[in-house]
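Below: one structure, written as structure tokens.
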Amino acid sequence: MGELRKPFLLLALLAVALVVGVELGSALLTGGGDAGGSLRASAQDLGVDVGAVGRVSEPSGRGTGYLGLVDVVALWTTGLFCLSLVVPDRIQGRVQGVATLIFSIVLILVSLLMLVLAFAELSIMVSLFLAAPFGTLAYLALWGFFPVGEASLLLGLVLLLKLVWVALLLLAQPRFLQNMGLVLLALTTLLCTVLLAFLHGLVPVVVVSILDDVGALVFAVVAIVWGLVLLIGSIPAIVKAVRTTAALPTR
């Protein structure tokens with residue numbers, strides 16, 4: 001790998017690990033605020049008196065959490081780079097292919113499951129929203145008041161950490177730019193983050209949850225695609241490792 005600057009590579013691993021941690025913890029960091037007043041105001045606009053409603057919470061959304069499906073690929077890739085610092089090449093070559101194969105299969109299966117869950121939730125959202133007035137009120141009570149401001153701050157932090165991750169990788173080894181797979185992965189994760197922020201600001205707040213779920217669907221599909229790329233890419237490494245093992249002299 002040439003003159004690899006190890007501290008920058010380890011810091012890049014830390015940065016992308018923070019990205020995944022923030023995304024997976026987004027449900028705890030956003031949402032939960034009281035939206036009862038907003039629900040009563042929206043009900044009046046629909047000509048329905050809901051009276052005294054209980055505490056209605058803002059939803060945390062799925063989009064930011066589903067970004068983690070894509071960014072865990074970046075974490076895995078960076079982790080493999082760091083693994084080469086401590087594991088001999090001959091051992092890493094034998095283990096990396098099998099480990100990547102297992103990781104890709106797990107990623108594809110988890111992404112498929114989460115894709116189904118997001119699609120089911122999106123179908124319920126749209127059905128309720130279009131079933132005015134009481135279906136719309138039910139939608140508003142569950143998903144109608146997305147915390148756009150909190151999500152925007154969180155996505156800004158995630159985007160900043162991703163840019164730091166890219167910069168640290170380049171500082172560790174400028175020739176990473178010659179790795180087209182890594183470049184495409186970096187572009188993918190940055191574009192997905194920008195896309196989600198764009199979707200959150202595209203429509204009025206009462207329908208942001210719907211577009212947030214659309215974003216989640218997109219990210220699940222992207223994660224499946226990258227899982228397939230990793231799966232296909234692991235096969236030559238496994239074949240090479242098997243051939244190398246078979247060629248070793250036996251006692």
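These numbers come from a predicted model, not from an experiment.
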Linking I/L/V/M/F/W/Y whenever their side-chain heavy atoms sit closer than 4.5 Å, directly or via other members, would [X] and [Y] fall into one cluster?
X: Leu130; Y: Ile210; result: yes
X: Val166; Y: Leu4; result: yes
X: Leu67; Y: Leu202; result: yes

In Å, rounded to the nearest 0.5 Å, how long is the span from [atom1] of [X] to [atom2] of [Y]?
X: Trp76; Y: Asp71; atom1: CH2; atom2: CG; result: 16.0 Å
X: Leu157; Y: Ser26; atom1: CG; atom2: OG; result: 11.5 Å
X: Phe198; Y: Leu211; atom1: CZ; atom2: CG; result: 9.0 Å
X: Leu159; Y: Cys192; atom1: CG; atom2: SG; result: 12.0 Å

- [ ] Mind listing the closest non-hydrogen atom pair of Val73 and Leu69 along with its distance?
- [x]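 Where Val73 meets Leu69 most closely, the heavy atoms are CG2-O, 3.9 Å.
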### Query
Do you know the tightest heavy-atom contact between Leu169 and Phe176?
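Closest pair (atom of Leu169, atom of Phe176, distance): O-CD1, 3.1 Å.
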Can you confirm whether [X] sits close enough to [Y] that some side-chain heavy atom of one is under 4.5 Å from a side-chain heavy atom of the other?
X: Phe81; Y: Leu182; value: yes
X: Leu75; Y: Leu13; value: yes
X: Thr188; Y: Val222; value: yes
X: Asn179; Y: Val183; value: no

So salt bridge (Lys or Arg N to Asp or Glu O under 4.0 Å) across residues 96-122, not counting sequence neighbours, yields Arg62-Glu121
- Message: Looking at Lys162 and Val19, would you say the former's side chain and the latter's main chain have a donor-acceptor pair under 3.5 Å?
- Response: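 No; judged by distance alone, with no hydrogens or angles, the pair does not exist.
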Inset, instruction - Say whether, by atom type as modelled, one donor and one acceptor occur between the side chain of Ser104 and the main chain of Leu101 under 3.5 angstrom. - result: yes
Q. Should the ring pair Phe129 and Tyr139 be called parallel, tilted or perpendicular, given that the plane angle runs from 0 to 90° and is split at 30 and 60?
A.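 Correct class here is perpendicular.
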